[in-house]
Amino acid sequence: MEKKFRITPLNFAAAFLLVISIYVWIYGINVMGKPYPHALKNWMLGAIFLLFAMVVSFMDIMLRNFFRETKKLWIVELSFITLAIILFLLAR
């Protein structure tokens with residue numbers, strides 16, 4: 001049984017969050033040119049982004065099991081990402 005690697009939107013999201021995590025861990029976060037307040041250390045923010053990347057990867061694995069066709073998987077994952085962005089903007 002040969003498995004084929006499928007690229008999905010949540011793969012891109014997980015990779016993006018992983019890169020952001022590493023960047024924050026190394027360089028930290030600046031808000032308006034000043035370092036972020038010390039309430040959250042840089043390693044904590046990096047760990048938060050790493051946790052987000054792990055959750056997104058887990059969601060990708062779960063959705064792959066439910067939707068075998070790549071086209072349906074893309075539609076569902078893009079809908080999930082759109083819903084997450086809308087909820088983020090509404091909460092903001």
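Computed from a prediction, not measured in an experiment: that's the story for all the values here.
Taking CG of Leu17 as the start and CG of Leu51 as the end, the distance is 10.0 Å to the nearest 0.5 Å. The CG atom of Leu63 sits 10.0 Å away from the CZ atom of Phe58 when rounded to the nearest 0.5 Å. Here the straight-line distance linking atom CG of Leu78 with atom CG of Leu83 works out to 12.5 Å at 0.5 Å rounding.
Remark: side-chain polar atoms of Ser79 are paired, donor with acceptor, to backbone N or O of Ile75 under 3.5 angstrom. A donor-acceptor pair is defined here as one N or O able to donate and one able to accept, closer than 3.5 Å; no such pair exists between the side chain of Thr8 and the backbone of Trp74. A donor-acceptor pair under 3.5 Å links the side-chain atoms of Arg6 to the main chain of Arg68, judged by distance alone.
Counting all heavy atoms, side chain and backbone alike, Ala14 lies closest to Val56 at N-CG1, 3.9 Å. Across all their heavy atoms, Asn11 and Asp60 have their closest contact at OD1-OD2, 2.9 Å.
Of the residues listed (Val24, Leu18, Val19, Ile22), the one engaging Phe49 in a side chain to side chain contact (heavy atoms under 4.5 Å, CB included) is Val24, and it is the only one.
Ile86 and Leu89 are not part of a single hydrophobic cluster, where members link through side-chain heavy atoms under 4.5 Å apart. Taking hydrophobic clusters as Ile, Leu, Val, Met, Phe, Trp and Tyr residues chained together by side-chain heavy-atom distances below 4.5 Å, Ile61 does not share a cluster with Phe80. Hydrophobic cluster membership is shared by Leu10 and Ile85, with clusters built from Ile, Leu, Val, Met, Phe, Trp and Tyr side chains linked at under 4.5 angstrom. Hydrophobic clustering places Tyr23 together with Ile26 (ILVMFWY residues linked when any side-chain heavy atoms are closer than 4.5 Å, directly or through intermediates).
At least one side-chain heavy atom of Leu50 sits under 4.5 Å from a side-chain heavy atom of Trp25. Between Ile20 and Phe52, the closest side-chain pair of non-hydrogen atoms is not below 4.5 Å.
Atom CE of Met54 sits in a sparse spot, with 12 or fewer heavy atoms from other residues, nucleotides or ligands closer than 6.0 Å.
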Q: Check the pair Val76, Phe66 against side-chain contact (heavy atoms from CB on, under 4.5 Å), reporting the backbone distance first and the verdict last.
A: CA-CA 10 Å; Val76 169; Phe66 285 116; over 6 Å; no

